[in-house]
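The structure appears right after this line, and notes come after that.
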Amino acid sequence: QVQLAESGGGLVQAGGSLRLSCAASGRTFSRLTMSWFRQAPGKERELVAGITWSVGSTTYADSVKGRFTISRDRVKNTVYLQMNILKPEDTAVYYCAARQGLVVTSSTGLYDYWGQGTQVTVSS
């Protein structure tokens with residue numbers, strides 16, 4: 001069992017930055033992949049970025065490449081999402097998710113654990 005707790009959301013102006021954190025606990029993570037998803041009102045949940053816990057390989061959605069960076073701290077068991085040059089279209093609830101496996105996937109059904117979500121609102 002893995003427990004995930006997100007933090008760091010909030011309200012920011014366009015062009016600003018936020019850093020989201022996802023603290024993980026409950027089991028060893030060497031064979032886990034951790035990802036950030038987001039869901040805007042009326043839209044499907046979409047993959048933002050993912051990282052493999054052991055090697056640190058990363059994957060990004062095209063819409064955030066060059067602006068967002070995912071990283072992990074294996075001592076603190078925490079995954080981060082640094083979000084820069086934020087745009088109003090980045091407004092959504094952001095979720096941390098974990099899956100057993102070494103590949104980042106955009107299929108929400110393949111993730112075993114989810115956090116409660118944190119709201120990010122970008123004003124124009």
Side-chain angles (χ1 to χ4, degrees):
Q1 192 75 6
V2 174
Q3 292 79 44
L4 304 173
E6 303 103 333
S7 61
L11 173 64
V12 65
Q13 288 188 330
S17 299
L18 282 174
R19 189 177 79 158
L20 305 183
S21 300
C22 174
S25 61
R27 58 158 287 173
T28 57
F29 308 116
S30 62
R31 295 190 62 80
L32 287 183
T33 291
M34 306 287 292
S35 295
W36 287 97
F37 285 78
R38 67 186 180 187
Q39 188 166 20
K43 295 188 177 181
E44 293 188 353
R45 194 168 296 189
E46 63 175 359
L47 176 71
V48 176
I51 187 167
T52 58
W53 191 263
S54 57
V55 177
S57 298
T58 58
T59 299
Y60 294 94
D62 288 342
S63 59
V64 306
K65 283 181 181 177
R67 300 189 297 122
F68 291 10
T69 302
I70 189 170
S71 62
R72 87 268 191 252
D73 184 324
R74 291 191 287 180
V75 173
K76 296 182 178 179
N77 288 340
T78 299
V79 175
Y80 303 99
L81 185 68
Q82 178 66 45
M83 305 186 293
N84 299 327
I85 318 175
L86 282 160
K87 304 176 181 180
E89 51 263 44
D90 295 319
T91 295
V93 177
Y94 283 69
Y95 297 90
C96 179
R99 64 181 297 266
Q100 300 181 52
L102 301 178
V103 176
V104 176
T105 175
S106 60
S107 298
T108 57
L110 295 180
Y111 285 81
D112 305 292
Y113 310 102
W114 291 86
Q116 80 285 356
T118 185
Q119 177 70 46
V120 171
T121 303
V122 184
S123 63
S124 57

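Any value given below was found using the heavy atoms of this structure, including those in side chains, with hydrogens, waters and symmetry copies removed.
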Rounded to the nearest 0.5 Å, what separates atom [atom1] in [X] from atom [atom2] in [Y]?
{"X": "R45", "Y": "L47", "atom1": "CZ", "atom2": "CG", "answer": "12.0 Å"}
{"X": "D112", "Y": "Q100", "atom1": "CG", "atom2": "CD", "answer": "5.0 Å"}
{"X": "R31", "Y": "W53", "atom1": "CZ", "atom2": "CH2", "answer": "15.5 Å"}
{"X": "N77", "Y": "M34", "atom1": "CG", "atom2": "CE", "answer": "8.5 Å"}
{"X": "W36", "Y": "Y80", "atom1": "CH2", "atom2": "OH", "answer": "10.5 Å"}

Here the pair of heavy atoms bringing Q116 nearest to L4 is OE1-O, 3.8 Å
Could you see if [X] belongs to whatever hydrophobic cluster contains [Y]? Use Ile, Leu, Val, Met, Phe, Trp, Tyr and a side-chain cutoff under 4.5 Å.
{"X": "M83", "Y": "V64", "result": "yes"}
{"X": "V104", "Y": "L81", "result": "no"}
{"X": "F68", "Y": "V79", "result": "yes"}
{"X": "Y111", "Y": "L32", "result": "no"}

Report yes if the side chains of [X] and [Y] come closer than 4.5 Å at any heavy-atom pair, otherwise no.
{"X": "V93", "Y": "F37", "value": "no"}
{"X": "T91", "Y": "Q119", "value": "yes"}
{"X": "E6", "Y": "W114", "value": "no"}

Taken in chain and number order and not counting sequence neighbours, the residues that satisfy ring-ring contact (aromatic ring centres under 6.0 Å, His included) with Y95 are none
Identify each donor-acceptor pair in which a side-chain atom of residues 9-24 lies under 3.5 Å from a protein atom, sequence neighbours left out, and give them as a table.
unit_1: S17; atom_1: OG; unit_2: N84; atom_2: OD1; d: 2.9

Sorted by chain and residue number, the salt bridge (charged side-chain N to carboxylate O under 4.0 Å, His left out) partners of E46 (sequence neighbours excluded) come out as R38
Could you tell me whether a side-chain N or O of [X] sits under 3.5 Å from a main-chain N or O of [Y], the two making a donor and an acceptor?
{"X": "Y60", "Y": "I70", "answer": "yes"}
{"X": "S57", "Y": "T52", "answer": "no"}
{"X": "S107", "Y": "G109", "answer": "no"}
{"X": "R74", "Y": "S54", "answer": "yes"}

Could you go through the salt bridge (Lys or Arg N to Asp or Glu O under 4.0 Å) check for D90 and K87 one step at a time?
CA-CA 5 Å; D90 295 319; K87 304 176 181 180; over 6 Å; no
